[in-house]
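Because the structure is predicted, anything quoted here is derived from the model rather than measured. Per chain, numbering begins at 1; letters A, B, ... match sequence-line order.
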2 protein chains.
Amino acid sequence: MTDITTVVHNYIAMWNETTPEDRRAIIAETFADDASYLDPLQAGDGRAGIDAMVAAAQAQFPGLRFELSDGPDNHHDRVRFAWRLVADGGSEPVAAGVDFATVAGDGRLRDVTGFLEPVG
Amino acid sequence: MTDITTVVHNYIAMWNETTPEDRRAIIAETFADDASYLDPLQAGDGRAGIDAMVAAAQAQFPGLRFELSDGPDNHHDRVRFAWRLVADGGSEPVAAGVDFATVAGDGRLRDVTGFLEPVG
């Protein structure tokens with residue numbers, strides 16, 4: 001059982017981890033076997049699908065870094081948190097959003113939905 | 001198929017509808033058969049459970065009115081929106097929150113999760 005704060009910090013770390021082996025290790029710790037991710041622009045089913053999605057995002061937007069900006073706020077088996085995407089050395093976010101997720105019995109994320117916030 | 005903006009406005013109207021027959025009619029239009037609701041303080045399973053939950057909330061907090069304060073923002077089969085609870089004639093909210101939901105194939109809400117925002 002991993003506490004939700006650790007899981008959410010690991011989730012953010014996953015988006016920043018560009019070494020495939022290390023990223024997959026984070027994904028195994030962070031997501032349930034049957035996990036999925038869906039936001040307006042991308043989707044991933046299962047750990048392999050999520051890994052491929054994150055790798056594609058990193059390739060498309062190099063030099064950007066995800067940060068947790070609010071939360072996690074959780075109750076029962078539900079959690080939400082806010083994030084922003086910043087350029088290395090930059091202060092203004094280039095993207096931001098809120099993620100909602102359900103949490104499996106062992107504390108890992110099951111279904112993650114991302115929404116985008118306006119920036120700039 | 002009901003559009004998501006109508007569904008979300010009906011959802012807010014449900015919280016304000018104190019006539020049981022009218023409230024249940026709104027619930028039938030708004031929620032899928034297998035819908036559920038969960039926030040930090042209350043839960044309802046199925047349309048009857050949601051109706052009982054809303055009736056209990058109305059009895060506990062008379063004279064308060066729900067308003068949509070942001071959204072709906074939706075993509076795929078997911079939606080989020082923000083609400084506030086105001087006293088009749090009041091301007092400062094006494095409570096506020098964000099709801100996240102999945103949407104059934106016919107456009108009605110399936111699983112709704114509420115989170116509370118700080119107010120005051």
Flag yes if B/W15 and B/V119 sit in one hydrophobic cluster, no otherwise; membership is Ile, Leu, Val, Met, Phe, Trp, Tyr, and two members link when side-chain heavy atoms are under 4.5 Å apart. no
In this structure, OG1 of B/T113 is separated from CG of A/D77 (nearest 0.5 Å) by 7.5 Å
Checking A/R78 against B/F100 for the side-chain contact (heavy atoms from CB on, under 4.5 Å) test, could you report, in this order, the C-alpha distance in whole Å, the side-chain angles of both residues, the deciding distance, and whether it holds?
CA-CA 10 Å; A/R78 318 289 165 95; B/F100 164 76; over 6 Å; no
Those residues of residues 37-62 of chain A that come under 4.5 Å of chain B on a heavy-atom basis, listed by number, are A/L38, A/D39, A/P40
Taking every heavy atom of B/V79 against every heavy atom of A/F115, the minimum-distance pair comes out as C-CZ, 3.8 Å
Can any side-chain N or O of A/H75 pair as donor or acceptor with the backbone N or O of B/L116 at less than 3.5 Å? no
Q: Please answer: with hydrophobic residues joined when any side-chain heavy atoms are less than 4.5 Å apart, are A/L68 and A/I27 in the same cluster?
A: yes
Hey, any chance B/V103 and B/F81 share a hydrophobic cluster, counting ILVMFWY side chains that come within less than 4.5 Å of each other, even indirectly?
yes
Rounding to 0.5 Å, atoms OG1 (B/T102) and CG (A/D111) come to a distance of 9.5 Å
- Item | Same apolar cluster (I L V M F W Y, side chains within < 4.5 Å links), B/F66/B/L109 | yes
Are B/V98 and B/L85 in one and the same hydrophobic cluster, where Ile, Leu, Val, Met, Phe, Trp and Tyr link if side-chain heavy atoms are under 4.5 Å apart? no
